[in-house]
Engineer: 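Mind looking over this structure? Questions follow.
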Amino acid sequence: MSLETGNVIFHPDPYKPGVQAIIAPDGNRYIWKWARAKLTDTLQTVIPLYVSVSKPVYFQDTYPDVPLTVPVGAQIQRVDFRLPNSQPLGSEVTAGIDVPRNCTIVGTTGENLKVSPLFGTTHTVTSPLITAANSLYTPNTGAVLQRGSGVVDAASPSLLQTVSGTALTLQMTVSNAGNTAVGTGIKLSATKATAFIYAHVVYRIDGDPIKPWNFELPFPGY
């Protein structure tokens, strides 16, 4: 069932956007999805974003890795992402959340890491993004693109639009400094190291008309 805002304690299940929408007081339904992109010791200019959770083998069919997509008709309200953290000496490193010890996030100075569409405006999107400096990306840095209350769709290539035509698949992309073409890429400095970029999208949908069977039934003969 969908959730009223007063009932939300934890984030909704990103695998169940159709049934775990958050119903706002104004009747709008908001879908929350998060996904992650895997950094390795190999340069990548494109990294898929997958809705993915740690799971035992017998849950693979229930919770498969699926691309982060936004359906046709959805009005995107927010897109954000965060780079993996770097723990100081003496602190425990959390696998998947932090970069390994003595490891940096390598980039090319001036290039931009961003959430962007798989097709079309892949490199021309300018937000949310993080720019590499001194050949590195700063751990735990985040970027946010947020629609203001009551604000209409933005012009292309902004992501704050209503999806039309085909569903929108989002990914992590490295673009050049001018946001006109592919960049050199991003990687971890340590051999065989892995870590994750986490991304988050919120979109609004109209939802279904009223369902009278969810309410008190009329008294027989009324």
Side-chain angles (χ1 to χ4, degrees), residues 14-15 33-54 64-72 74 76 78-86 96-100 103-145 154 156-161 163-203:
Y15 288 91
K33 282 186 177 180
W34 67 266
R36 57 190 182 191
K38 188 176 183 178
L39 292 173
T40 69
D41 60 353
T42 300
L43 274 175
Q44 299 179 84
T45 57
V46 171
I47 314 177
L49 277 166
Y50 286 112
V51 177
S52 174
V53 297
S54 298
D65 290 352
V66 294
L68 177 60
T69 59
V70 182
V72 173
I76 298 176
R78 178 186 176 95
V79 183
D80 61 74
F81 73 98
R82 183 180 296 275
L83 292 173
N85 194 21
S86 179
I97 301 295
D98 303 323
V99 294
C103 179
T104 59
I105 307 173
V106 178
T108 297
T109 300
E111 290 189 347
N112 297 310
L113 175 69
K114 63 183 75 173
V115 177
S116 72
L118 179 62
F119 300 108
T121 57
T122 301
H123 294 292
T124 53
V125 167
T126 58
S127 182
L129 62 74
I130 296 172
T131 303
N134 301 316
S135 301
L136 297 172
Y137 288 98
T138 303
N140 202 35
T141 304
V144 176
L145 174 65
S156 180
S158 174
L159 294 175
L160 298 182
Q161 297 185 20
V163 179
S164 62
T166 59
L168 183 70
T169 299
L170 297 174
Q171 65 184 17
M172 298 306 306
T173 304
V174 178
S175 299
N176 63 8
N179 294 307
T180 59
V182 64
T184 304
I186 183 173
K187 71 173 185 175
L188 299 176
S189 63
T191 302
K192 296 184 179 180
T194 60
F196 289 96
I197 300 169
Y198 283 80
H200 171 217
V201 61
V202 178
Y203 57 87

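All figures in this text were calculated on a predicted structure; none of them were measured in a lab.
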Engineer: Ring pair (Phe, Tyr, Trp, His ring centres under 6.0 Å) with F196: which residues, sequence neighbours excluded?
Structural biologist: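 Checked F196 against ring pair (Phe, Tyr, Trp, His ring centres under 6.0 Å); zero matches.
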Engineer: With a 3.5 Å cut-off and no angle check, do the side chains of T169 and T69 form a donor-acceptor pair?
Structural biologist: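 Short answer, no.
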Engineer: Using side-chain heavy atoms (C-beta onward) and a distance below 4.5 Å, is L159 in contact with P128?
Structural biologist: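 Touching, per the 4.5 Å side-chain cut-off.
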Engineer: From S156 OG over to L160 CG, what is the distance, rounded to the nearest 0.5 angstrom?
Structural biologist: 11.5 Å
Engineer: Determine the minimum heavy-atom distance between P117 and V125, stating which atoms define it.
Structural biologist: CD-CG2, 3.7 Å
Engineer: Are K33 and Y203 packed together at the side-chain level, in the sense that at least one heavy-atom pair is separated by less than 4.5 angstrom?
Structural biologist: yes
Engineer: Measure the OG1-NZ distance between T45 and K187 for me, rounded to the nearest 0.5 Å.
Structural biologist: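 With rounding to 0.5 Å, OG1 (T45) is 13.5 Å from NZ (K187).
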Engineer: Sequence neighbours left out, what passes side chain to side chain donor-acceptor pair (under 3.5 Å) with R82? Give chain and number order.
Structural biologist: N140
Engineer: Of all heavy-atom pairs between I105 and P84, which one has the smallest distance, and what is that distance?
Structural biologist: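 Looking at all heavy atoms of both residues, the closest pair is CD1-CG, 3.9 Å.
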Engineer: Report yes or no: does D65 contribute a side-chain atom to a donor-acceptor pair with the main-chain N or O of S52 at less than 3.5 Å?
Structural biologist: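 No.
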Engineer: With L39 as reference, evaluate V99, I197, V106, T194 under the side chain to side chain contact (heavy atoms under 4.5 Å, CB included) test and give the passing residue.
Structural biologist: I197
Engineer: For the residue pair Q161 and V163, establish whether any side-chain heavy-atom pair is separated by less than 4.5 Å.
Structural biologist: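 When only atoms from C-beta onward are counted, V163 and Q161 do not touch, as no gap falls below 4.5 Å.
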Engineer: Please evaluate residues L168 and I76 with respect to the criterion side-chain contact (heavy atoms from CB on, under 4.5 Å), reporting the C-alpha separation (whole Å), side-chain torsions for both, the decisive distance (0.1 Å), and the verdict.
Structural biologist: CA-CA 10 Å; L168 183 70; I76 298 176; 3.7 Å; yes
Engineer: Counting C-beta onward and ignoring hydrogens, is there a side-chain heavy-atom pair between P157 and T126 closer than 4.5 Å?
Structural biologist: no
Engineer: Please assess H200 against V202 for the test side-chain contact (heavy atoms from CB on, under 4.5 Å), listing each intermediate value before the final yes or no.
Structural biologist: CA-CA 7 Å; H200 171 217; V202 178; 3.4 Å; yes
Engineer: About how many Å separate CG of L136 and OG1 of T141, when rounded to the nearest 0.5 Å?
Structural biologist: 11.0 Å
Engineer: Answer whether the closest heavy-atom distance between the side chains of W34 and V51 falls below 4.5 Å.
Structural biologist: no
Engineer: Are side-chain heavy atoms of L43 and I186 found at a separation under 4.5 Å?
Structural biologist: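 They are not in side-chain contact.
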Engineer: Which pair of heavy atoms, one from A190 and one from C103, lies closest together, and at what distance?
Structural biologist: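 Shortest heavy-atom separation between A190 and C103 comes out as N-SG, 3.7 Å.
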Engineer: For the atom pair CG (L113) and CG (L83), what is the distance rounded to the nearest 0.5 Å?
Structural biologist: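 Going from CG on L113 over to CG on L83, the span is 6.0 Å.
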Engineer: Got a donor-acceptor contact below 3.5 angstrom from the S158 side chain to the A154 backbone?
Structural biologist: no
Engineer: What residues, two or more places apart in sequence or in another chain, satisfy side chain to side chain donor-acceptor pair (under 3.5 Å) together with T124?
Structural biologist: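 Partners of T124 under the side chain to side chain donor-acceptor pair (under 3.5 Å) test: none.
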Engineer: Which heavy atom of T109 sits nearest to which heavy atom of N134, and what is that distance?
Structural biologist: OG1-N, 3.3 Å
Engineer: Taking only distance into account, with no hydrogens and no angle test, what donor-acceptor pairs under 3.5 Å do side-chain atoms of residues 170-185 form with protein atoms, sequence neighbours excluded?
Structural biologist:
residue : atom : partner : partner atom : Å
Q171    : NE2  : T173    : OG1          : 3.0
T173    : OG1  : S116    : OG           : 2.6
S175    : OG   : K114    : NZ           : 3.2
S175    : OG   : H123    : ND1          : 2.7
N176    : OD1  : G178    : N            : 3.3
N176    : OD1  : N179    : N            : 2.9
N176    : OD1  : T180    : N            : 2.9
N176    : OD1  : T180    : OG1          : 3.4
N176    : OD1  : A181    : N            : 3.4
N176    : ND2  : T180    : OG1          : 2.9
N179    : OD1  : N112    : ND2          : 3.1
N179    : OD1  : K114    : NZ           : 2.7
T184    : OG1  : E111    : OE2          : 2.9

Engineer: Quick check: do I130 and F81 have side-chain heavy atoms less than 4.5 Å from each other?
Structural biologist: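 Yes - at least one pair of side-chain heavy atoms lies under 4.5 Å apart.
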Engineer: Could you pull out all residues at least two apart from D98 that satisfy salt bridge (Lys or Arg N to Asp or Glu O under 4.0 Å)?
Structural biologist: none
Engineer: What pair of heavy atoms forms the shortest contact from P71 to A167, and how long is it?
Structural biologist: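 Smallest heavy-atom distance, with atoms named: CA-CB, 4.3 Å.
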Engineer: With sequence neighbours left out, what residues match Y198 under side chain to side chain donor-acceptor pair (under 3.5 Å)?
Structural biologist: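 If we apply the side chain to side chain donor-acceptor pair (under 3.5 Å) test to Y198, skipping adjacent residues, the hits are R36.
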Engineer: Kindly say whether T104 contributes a backbone atom to a donor-acceptor pair with the side chain of S189 at under 3.5 angstrom?
Structural biologist: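 Checking the backbone N and O of T104 against the side chain of S189, a donor-acceptor pair under 3.5 Å is found.
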Engineer: If every non-hydrogen atom of L129 is compared with every non-hydrogen atom of A143, which pair is closest and at what distance?
Structural biologist: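 That would be O-CB, 3.5 Å.
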